[in-house]
Structure formats: C-alpha cells, structure tokens
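Here's the structure we're looking at; comments come further down.
Since the model is a prediction, treat every value here as computed from it, not as a measurement.
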Amino acid sequence: MGLRIIFAGSPEFSVPTLEALLDSEHEVVAVYTQPDRPRGRGKKVQFTPVKEVAVAHNIPVYQPLTLRDPEAQATFAALNADLMVVVAYGLILPKAILEMPQYGCLNIHASLLPRWRGAAPIHRAIEAGDQESGVAIMQMDVGLDTGAVWQEERVAITPHMTTGELHDRLKMVGASLLLATIPEVIAGSRQPTPQPEEGITYAEKITKEEARIDWQESGATIARKIHAFNPFPGAFTELDGALLKLYRVLESDRKRDSLPGTFYVEGESLYVVAGDGHLLEVLELQIAGKRRMESALFIKGNEIDQKVAQ
C-alpha cells in the first residue's frame, strides 16, 4: 500500500532516501528543508541538496524557520500525510507535528542507538575509535533521538576510515533500510523496541576549533581525529605560520625522539611525530590557499624537513 509521505531533510546525507521514496510505490506529497542560505566561498544563496532534488521532481517545498507556530502547523496538517520521514532535517519537531501523520514520524539516525544521539554521530564514532556504526530507523518522540527503534543495520568501521567514507556508506544503508521498515510500520504487527538506558552517549556538534591538532596527544588519538574531521572541518595545525590541514595518515610502530609536531621527510614520505613519540605518515594534506594533495606532491614543492608545527 502506497502512503502519502512528507519528507524532511536538508544535506547530501538525506538525498538517497528521498530518491528511494520517489522511486517507490509511495507518494512524496511535500518536502520540508532548511531555508536557502549563503554557502561556499562566494557566499551565494543556494538551495539545500534536498531542495534541488525536490524542485527537479516538481514536489512542493516548504522552508519554515520553525514548526511551532499555528500557521506552519496548519499548513502541515493540510497536506494530509500518512507518514513523515525525517533525515538530518535540522529543525526540532514539536509534539503536534509528530502526532499529525497517521503513522507518526520516522527518523533515519546514523548510529546504533542509544550510542551517539545528537548532531554528529558519524564524526564522534570515528573520533572515539568505535569498531562499528550503523543506521537506526526510529519512531520519533519529543526527546533528542530518544524514540523507540524499528530496525538497525550495522556497518563496520574499517581501519583509517574517514567520516566522509562512513557517511557515504550509511546514507545508502539508511535509504534501503527505511523502505524495508515502512511495511512493518503499516502492518502494525509489532511495536518498535524502546532504547536501553545503558550505553547512552551524545555526539556534540563539531566546532572548527576542536579540529586543531594537539601534538601532545598520542599517535592513535591524533590519527582518529584527523580521519574523524575528514572532510569537514579538517584537522589542522600551523606550519611556518601557514594553516595546514591533514586528511589522511597512517599510524606507525616506529618512534622518533623529536619534539611533538616535528615534520620530516624520509625518501618520498612525509612523517610527523606525535606526543608519545610514534610516527604518523602523512598521506594527504592541504596548505592554505592550495588544493588537497598527496604528500609526495607536497614534498616536491615545499622545504619542510625538521619543521615543528604549532
């Protein structure tokens, strides 16, 4: 049975789910997304990725600043939806909205709940050194990612996996898992499983300043941070007064008795010393004003041997 669905989402992570719904038996009657805002270097006002898809498919788009006022709620109610699907929308949904669709609101959350509730579950899982992540299909309630879970699918976090790579894996898993979950919701033959009280963690929003590398930390900790903040905001340091972002490194069992943050060249490889003396081989980086590049190319155009980062 096809449902009348309102879709709410904003970033690229949301797009595969919207596209999957558009290709399904269900009807997407409206899309809710964040307001158009200046983005990129030119600060030009741009549509969200979700709005771009909606416009291309001639789906009505709504971009309220809040869903708490009566007028916005009346507009929502008039759409007469059976179900709302929410994927990284960016607005808090009040109780009135949650209860309007016949089957309520389903959320695709990029973690295995209750671990990493909150804004940045993918970043935090990699930063913490988790060995697995996944997607949860949650029946939304008024709490922050506290709703009961219909289904979960686990995804291994492989060594040196970046947030960008895990993001791209989870967005596809979420889309297929949602389509598999909707028939269960309609059937009503079971109820979603309440989240356990044990193991709750919160994935706080990422700030650019926390991406500054502390070279006193261990090699393993620094490596996790570099991969967690790839592609955004980019783990950074300063070398010769210039901003330097590191995107990929390899941990090494080798050690060197040098100041933490010392960069040096060995053959065609670039290394940096961590706080515990362990070496990190730098694979990909970006100096201010330049594009991202492999370290071998960077070495050719820069004299950086034995320089200490700040």
Side-chain angles (χ1 to χ4, degrees), residues 3 5-11 13-14 17 32-34 50 64-69 72-73 76-77 81-128 130 132-155 157 163 166-167 170-171 173-207 228:
L3 300 182
I5 293 177
I6 293 173
F7 182 84
S10 297
F13 186 84
S14 314
T17 302
Y32 277 71
T33 192
Q34 285 285 304
V50 162
L65 294 175
T66 178
L67 285 167
R68 296 188 182 279
D69 66 74
Q73 292 179 12
F76 186 96
D82 300 308
L83 175 70
M84 185 179 194
V85 172
V86 181
V87 189
Y89 176 28
L91 277 189
I92 294 174
L93 304 185
K95 189 171 185 286
I97 292 290
L98 294 172
E99 293 178 346
M100 280 184 192
Q102 179 182 351
Y103 297 105
C105 301
L106 295 183
N107 174 245
I108 297 179
H109 186 73
S111 79
L112 301 172
L113 293 167
R115 183 155 178 81
W116 301 128
R117 294 174 178 174
I122 301 176
H123 295 80
R124 299 305 183 190
I126 290 179
E127 184 184 20
D130 291 2
E132 67 175 0
S133 180
V135 167
I137 308 297
M138 178 184 68
Q139 188 75 40
M140 296 181 71
D141 60 19
V142 294
L144 176 62
D145 300 329
T146 55
V149 175
W150 285 98
Q151 289 200 62
E152 287 186 332
E153 185 167 333
R154 298 175 181 273
V155 172
I157 298 178
T163 283
L166 182 56
H167 168 281
L170 294 181
K171 72 180 182 181
V173 169
S176 60
L177 189 61
L178 175 80
L179 291 185
T181 302
I182 289 176
E184 288 192 43
V185 176
I186 296 171
S189 56
R190 71 175 183 91
Q191 293 298 309
T193 304
Q195 295 182 38
E197 294 297 323
E198 301 78 29
I200 296 172
T201 56
Y202 287 92
E204 300 292 341
K205 185 177 180 179
I206 302 296
T207 65

Taking side-chain hydrogen bond (donor to acceptor under 3.5 Å, both in side chains) as the definition, give me every residue that meets it alongside [X], ordered by chain and number, with sequence neighbours left out.
X: T181; value: Q151
X: S189; value: none
X: K205; value: none

What's the shortest heavy-atom distance between [X] and [Y], and which atoms?
X: I206; Y: A120; result: CG1-CB, 3.8 Å
X: Q195; Y: G147; result: NE2-O, 2.7 Å
X: S14; Y: V50; result: CB-CG2, 3.5 Å
X: S133; Y: L166; result: CB-CD2, 4.0 Å
X: I157; Y: A125; result: CD1-CB, 4.1 Å
X: I122; Y: F13; result: CD1-CE1, 4.2 Å

Expected output: side-chain R117 to main-chain D145 donor-acceptor under 3.5 Å: yes
Side-chain donor or acceptor of D82 paired with backbone N/O of L3 under 3.5 Å: no
Separation of [Y] [atom2] from [X] [atom1] (nearest 0.5 Å):
X: L93; Y: M84; atom1: CG; atom2: CE; value: 5.0 Å
X: M138; Y: D141; atom1: CE; atom2: CG; value: 7.0 Å
X: Q139; Y: T193; atom1: CD; atom2: OG1; value: 12.0 Å

Atom CD1 of I92: over 12 foreign heavy atoms under 6.0 Å: no
Full working for side-chain contact (heavy atoms from CB on, under 4.5 Å) between E197 and I200: CA-CA 7 Å; E197 294 297 323; I200 296 172; 4.3 Å; yes
Residue pair Y32, Y89: steps toward the side-chain contact (heavy atoms from CB on, under 4.5 Å) verdict: CA-CA 8 Å; Y32 277 71; Y89 176 28; 3.7 Å; yes
Show me the donor-acceptor pairs, under 3.5 Å and distance only, between side chains in residues 105-113 and residues at least two apart or in other chains.
{"unit_1": "N107", "atom_1": "ND2", "unit_2": "V86", "atom_2": "O", "d": "2.9"}
{"unit_1": "H109", "atom_1": "NE2", "unit_2": "S111", "atom_2": "OG", "d": "3.2"}
{"unit_1": "H109", "atom_1": "NE2", "unit_2": "W116", "atom_2": "O", "d": "2.8"}
{"unit_1": "S111", "atom_1": "OG", "unit_2": "R115", "atom_2": "O", "d": "2.7"}
{"unit_1": "S111", "atom_1": "OG", "unit_2": "W116", "atom_2": "O", "d": "3.2"}

For residues 94-102, please give each side-chain donor-acceptor pair under 3.5 Å, one per line with the distance, not counting sequence neighbours.
{"unit_1": "K95", "atom_1": "NZ", "unit_2": "E99", "atom_2": "OE2", "d": "2.6"}

Salt bridge (Lys or Arg N to Asp or Glu O under 4.0 Å) partners of E184, counting only residues at least two apart: R190
Contact between [X] and [Y] at the side-chain level, heavy atoms closer than 4.5 Å - yes or no?
X: V149; Y: I137; result: no
X: P114; Y: T201; result: no
X: V87; Y: F7; result: yes
X: Q34; Y: L91; result: yes

